Protein chains: 2
Amino acid sequence: MTTQLEGDGVGVQDSGTDRLGVAWPSYPHEVLGVVLSVRQSQLCVLLWRRRLSPQRGRWALPGGGLSADERLRGAITRHLAVKVDVHEIAHLEQLATHSAVDRDPRGRVLATAYLGLVPSDADSEPPPDTTWQPVDDLPQTAFDHRFFIDAAVERLRAKLSYTNVGFALAPQEFTIAELRDLVSAALGYQVSPTNLTRVMTRRQMIEPTGATSAPGRAGGRPAAVYRFARRELTITDPFAVLKPPR
Amino acid sequence: MTTQLEGDGVGVQDSGTDRLGVAWPSYPHEVLGVVLSVRQSQLCVLLWRRRLSPQRGRWALPGGGLSADERLRGAITRHLAVKVDVHEIAHLEQLATHSAVDRDPRGRVLATAYLGLVPSDADSEPPPDTTWQPVDDLPQTAFDHRFFIDAAVERLRAKLSYTNVGFALAPQEFTIAELRDLVSAALGYQVSPTNLTRVMTRRQMIEPTGATSAPGRAGGRPAAVYRFARRELTITDPFAVLKPPR
DNA sequence: TCAAAAGTGTTCCCCTTACACCCATGA
DNA sequence: TCATGGGTGTAAGGGGAACACTTTTGA
């Protein structure tokens with residue numbers, strides 16, 4: 001079998017043919033979105049319930065097919081907007097591509113998943129049959145979607161520690177208490193607001209806006225309002241060890 | 001356009017059709033290997049020179065098509081063995097999938113790249129038209145392969161710091177001086193053997209075999225021989241900050 | 001005995017963590 | 001003035017980096 005792509009053209013939608021005349025197979029390709037957000041102090045993933053078989057009744061990741069004229073990132077953005085009405089994705093990155101031959105019983109489909117993060121204050125009453133499911137209490141999921149979800153959560157938790165991804169889970173402005181809630185929910189354990197402030201400030205991830213928020217009805221000192229200094233992914237702690245010499 | 005895959009079967013090699021009768025396009029899919037190894041104290045990538053257009057004469061990553069009955073990992077393993085005679089891959093992980101519509105002028109092909117690591121003592125006189133190219137001095141490369149190479153190097157450098165991936169670049173047994181050479185080459189800057197030993201020992205990544213190696217002709221104290229304690233990928237320094245409470 | 005190579009000990013410094021203490025507000 | 005929630009100061013501990021010093025060999 002000749003597998004290196006050389007010579008004459010390879011047509012989309014058909015089996016390709018290389019210059020030796022050997023068939024070059026084609027596969028349908030789907031994109032899936034693992035959309036995470038903190039809802040009611042829990043890290044949640046957006047799932048919708050399948051109405052049809054196979055896997056009828058199970059919870060699945062939103063997504064769909066890759067069209068001939070679009071790229072993977074464009075495809076997942078489109079599907080999330082159209083199908084589950086998600087428009088406020090603050091961060092989107094590719095996770096992995098799965099290729100098990102029988103991952104879909106109807107025939108072979110390759111799947112590329114993306115990790116998408118949505119701020120906790122983004123509106124989104126999700127459409128019918130779609131909900132925010134806490135990742136610590138997942139129902140039975142369809143196909144191999146569970147692997148993608150686990151990978152996404154793991155990736156997020158790791159990146160919270162050495163990048164500023166937190167911005168993608170947080171509102172534009174927030175108090176330290178709110179940020180602590182978000183980060184604790186995302187990581188799955190409590191972090192102290194004291195040190196969270198210090199670490200994030202030292203790394204210049206967050207900065208005070210100057211404003212303060214009104215205290216609750218029980219009183220208390222008004223909280224300072226912060227914002228993320230940058231709202232694009234930045235690596236803030238590049239190397240743990242083996243740093244380059246200064 | 002209906003893009004969610006539901007209902008009737010989707011055939012490989014053909015355009016699929018979902019239950020609404022809307023076409024589900026298929027694409028050829030190739031796998032590429034970014035095979036890295038330290039050669040003569042330089043981090044190198046295995047490239048082969050294209051003999052045919054397009055991109056004739058440019059250096060390309062080894063790889064090839066995905067067959068109907070195999071998965072991506074199997075495909076890249078097969079291609080590396082058959083085409084560039086690489087059998088001693090100590091670590092293999094998926095890097096990314098590129099989907100630019102025009103990434104290959106002959107027609108649309110999706111590409112998934114893998115990062116492969118080969119120990120520095122693996123034989124491999126590479127086949128004709130194939131060489132180990134230092135990543136700091138790359139020639140002009142074909143298609144979008146340069147992006148994959150850069151991503152691979154970046155991934156390796158990051159993981160050297162918080163995992164034991166080093167095992168995949170090192171021989172079974174080695175002295176600290178040899179390990180220092182490898183790590184320095186991979187990272188692109190000198191690391192001190194003193195602290196390298198301490199860090200890797202504390203994390204139980206390496207352990208002495210008890211043997212010593214003969215000194216060179218100029219004399220000198222014989223070096224202790226070490227090995228990696230585990231030869232599978234292990235995360236040794238999970239979180240830089242925001243650790244869970246003890 | 002000297003040079004070369006390898007390994008160890010010690011110190012410094014920065015960062016994270018823990019925790020006590022102080023500040024601002026509503027009732 | 002008290003309870004409540006927020007923020008700051010300070011000390012402890014760990015780990016990595018730097019560097020001097022010791023050990024072991026060949027010539």
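This is a predicted model, so every value here is computed, not measured. Chain identifiers are assigned alphabetically (A, B, ...) following the order of the sequence lines, protein sequences preceding nucleic acid strands; residue numbering begins at 1 within each chain. Below, all heavy atoms of this structure are taken into account, side chains as well, without hydrogens, waters or symmetry copies.
- Atom CD of Glu207(A) has more than 12 neighbouring heavy atoms from other residues, nucleotides or ligands inside a 6.0 Å radius.
- Distance CG (Asn195(B)) to C1' (dG15(D)): 10 Å, rounded to an integer number of Å.
- Between dG16(D), dC19(C), dA6(C), one nucleotide has an atom nearer to the side chain of Thr194(A) than all others, and that is dC19(C).
- Taking atom CG on Leu242(A) and atom P on dA18(D), their separation rounds to 11 Å, with Å as the unit.
- Residue whose closest nucleotide on DNA chain C sits further toward the 5' end, between Arg203(A) and Ala224(B): Ala224(B).
- Close to dG26(D), at under 4.0 Å from its OP1 or OP2, lies no side-chain N or O of Arg221(B).
- Checking dT16(C), dG7(D), dG16(D) against every side-chain atom of Ile176(A), the shortest atom distance belongs to dG7(D).
- Taking the side chain as every heavy atom from C-beta outward, Val84(A) and Val35(A) never approach each other to under 4.5 Å.
- The environment of CD in Glu154(B) is sparse: at most 12 heavy-atom neighbours from other residues, nucleotides or ligands sit within 6.0 Å.
- With dG7(D), dA24(C), dG16(D) as the candidates, the nucleotide lying closest to the side chain of Ala223(A) is dG7(D).
- Considering only side-chain N and O atoms, Arg198(B) lies nowhere under 4.0 angstrom from the phosphate OP1 or OP2 of dG7(C).
- Rounded to an integer number of Å, the gap from Arg202(B) CZ to dA17(D) P is 10 Å.
- Checking Thr97(B) against Thr97(A) by side-chain atom types alone, a donor-acceptor pair falls below 3.5 Å.
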